Amino acid sequence: MLKIKTPKTHRGKRVLEKRAPKLVENEKKTLILHGTKTSNVLNSLLTEIYHLKKENSVKYTRRNDNIRPFEAGGETNLEFFSQKTDCALFVFGSHSKKRPDNLVIGRFYDHHVYDLVEVGVENFRSLQSFSYDKKVAPKMGTKPLIAFVGEGFESVDELKHLKEVLIDLLRGEVIENLNLAGVDRCYICTAVSPKKVFLSHCALKLKKSGTIVPRMELVEVGPSMDLVLRRHRLPNEGLRKEAMKTAPDHTKKKLKNVKGDPLLGKTGKVYIPDQKLGEMALPNKAKGVKRERREARNNKDPNKQASKKPKGEGST
Amino acid sequence: MGEIETDKGFQIDLGNLLAYNPNHHFASIPSSREELVKECLEKGTELVQALADSLFNLPATEDVDGPIVTLPPPTTRLPRQQHLPRPKPKTKWELFAEKKGIKNRKKDKIAYDEKTGTWKRTYGYDRANDEDDVPIIDAKPTDEPGVDPFAKRKTDKKQRVEKQEKNHMKNLKDASKSGALPSHVQLAATSLPISGSYAAPKKLSKTELEEVAGAAATSTASIGKFDKKLPGEKPLKNKGKHRKFLPVAQGKGMGLQEREQTEKILNKLISKNSHDSLNVNKAVKNINMQKEKQQQKSKQDKGSSKSSKLNAKKKSFKKSPYKGSSKKGPSKSKTS
């Protein structure tokens, strides 16, 4: 037997509606997790990712023994957390002898693991280790510019995949209107070698250049690190096709009364309303048309018609 | 607006504020870290500048907080978070209405109530022209006598509501099959779907528990006589009776009782008016019943001769301490 279950409060209903599949989706939330063991490097890296994406991320602080994203059955907990927190991206840090400072970045589709990229973190420099003028420090929640440098991002499959995942992770909300005063940060990703990517977070200094376009200057504010590619798992083709579907575009308005004719070309139909001749106003009212005066005169003196004749005779 | 390619060969996606330089290649990786970082930042600055060129050249509207530009939609395609919302399947009524060409008409929220001459709600409590809210119902020739028409209306209404609920459920089930349930509705199982015939375990009552505990306590060789009593354990209330057999051997006291018993019965049977003490009808009935039972048993044995071997012997040789089992004993015939 089944029974219908609905939220008891209106607030609960709103929460569910927010999570339901939509045509135009919200920004993807990021889930940040720790593995069984994490090094100092990873601890600070995960917190810094959390700080950079504070509005749209959830950070779990407990150690997770059962999460092994690349192994079969190791993603059950992860998928459960995704369902719970409504996250579409995750960053999972773990540290082992075989894979020191290991970072797994992955995406979910319908709360199931979509794809995975595993990287090792090297030469990590945290936010605190940079000294710069605090005036240029990027504000929270501004949309970052993202720059990818290197042919590797096009030629090497792993890097291509990493690029896509990084864009998803870093780009923030998709917006229509951008305040140019809020352009104050950028991420620089450089493919150093086919296995290594240098990733850095910079603040932007807008200098005057004499034209409308200011001269850009980058100030490293951190974190900055090298990402060494390890394992990766691409989504399977069917799932990819399914996930890449876009909402059908209904913005185009239906064109009415216009037809394409092979001989005449584009023809239009013009609608002309009925002419109401009775109600039409005359350009200027002639004297004879003014009936009221004549009638009024007739009413006043019924003998007038008779008297009119002799008058006429007299005149001729 | 699609992806922009600048003259330097940079690809720019303004919707994501993304720039990509596919032409750069490190001829030789710089040995020191500082140099590497410096070169990366240089290349990055170039890209960011190219991005800014196209960004700051977009038509901007001045605002108090700064110039605001409208970004084109992003060109880099990324996977969705969830599937596209699926179309809701039509309900059975909607299908029917479509077939018949029935169209929904909006009704006013309030309607004129002719009985009271006021405006009232069209539906709900205290509604206008409520047919059920009448003190007298005219009798019709088709009315069945002995049926309360008011109660009948009530039950009819209840049935209609139930039917509607059933239909609603069916439509929701159909919707859930195609994955198009409304976001705030869940269909939850009321019982565990382990199997069709699975019933939820019944809760035992207090008396039942006491009985079971007592049975367990008296299930030893000594019938619980020499067992340690648990703290708070009460003696079993409905203790089974022990069958007591009178001694067969002759002797004084008890020995005589057996003889007396049999003599008493014999006297009754042999006496002149023995017909009065015998209920012939009952006896015949009993015998017939026994015959029938035997016939049935022999039929069953023939039908499942194999399984009968495997079956546990139904007749227990143990003396049961309970009353219930004594019913299995020899059938009591006669005695009036």
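Every chain is numbered from 1, with letters handed out A, B, ... down the list of sequences. Hydrogens, waters and symmetry mates play no part in the numbers below; they use all other heavy atoms, side chains included. Being a predicted model, the structure only gives us computed values, none of them experimental.
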Partner chain B: residue of [options] with the largest heavy-atom pair count (under 4.5 Å):
options: L239(A), D115(A), V15(A), D168(A); answer: D168(A)
options: I212(A), T246(A), N177(A), L178(A); answer: L178(A)
options: R14(A), R19(A), H112(A), K143(A); answer: K143(A)
options: I4(A), T6(A), L206(A); answer: I4(A)
options: D226(A), T211(A), L204(A); answer: D226(A)
options: D110(A), T190(A), V174(A); answer: D110(A)

Quiz item: Measuring heavy-atom distances to chain A, does E39(B) have an atom under 4.5 Å in its side chain, in its backbone, in both, or in neither?
Solution: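 No part of it gets close to chain A.
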Quiz prompt | Toward chain A, the part of P85(B) with a non-hydrogen atom under 4.5 Å | solution =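 Both parts, heavy atoms under 4.5 Å.
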Would you find a donor on one side and an acceptor on the other, under 3.5 Å apart, between the side chain of [X] and the backbone of [Y]?
X: E164(A); Y: T76(B); value: no
X: R80(B); Y: A247(A); value: no
X: E25(A); Y: Q82(B); value: yes

Quiz prompt | Identified side chain to side chain contact (heavy atoms under 4.5 Å, CB included) counterpart of I146(A) within the set L47(B), L51(B), L18(B) | solution =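 Of all the options given, the one that passes is L18(B).
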Using non-hydrogen atoms and a 4.5 Å limit, figure out which bit of [X] sits close to chain B: side chain, backbone, both or neither.
X: L89(A); value: neither
X: K3(A); value: both
X: L170(A); value: neither
X: N123(A); value: both
X: V183(A); value: side chain
X: P235(A); value: neither
X: L16(A); value: both
X: C189(A); value: neither
X: F108(A); value: backbone
X: Y187(A); value: neither

Practice problem: Determine the minimum heavy-atom distance between V48(B) and A147(A), stating which atoms define it. | Solution: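 So the minimum-distance heavy-atom pair works out to CG2-CB, 4.5 Å.
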Quiz item: Are any of the side-chain nitrogens in D13(B) or R171(A) under 4.0 Å away from the carboxylate oxygens of its partner?
Solution: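 No salt bridge links D13(B) with R171(A).
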Quiz prompt | Reported CD-to-OG1 distance for the pair E217(A) and T45(B), which is rounded to 0.5 angstrom | solution =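 Atom-to-atom, E217(A):CD and T45(B):OG1 are 8.0 Å apart.
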Self-check item: Nearest-0.5 Å distance that lies between atom CD in E151(A) and atom OH in Y20(B)
Solution: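 The OH atom of Y20(B) is 7.5 Å from CD of E151(A), to the nearest 0.5 Å.
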Exercise. Among L36(B), V37(B), N23(B), single out the residue with the greatest number of heavy-atom pairs under 4.5 Å to chain A.
Key: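 With the most close heavy-atom pairs to chain A, the winner is V37(B).
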Exercise. Flag the pair Q81(B) / D86(A) as yes when at least one side-chain heavy-atom distance between them is below 4.5 Å, and no otherwise.
Key: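 Q81(B) vs D86(A): side chains touch.
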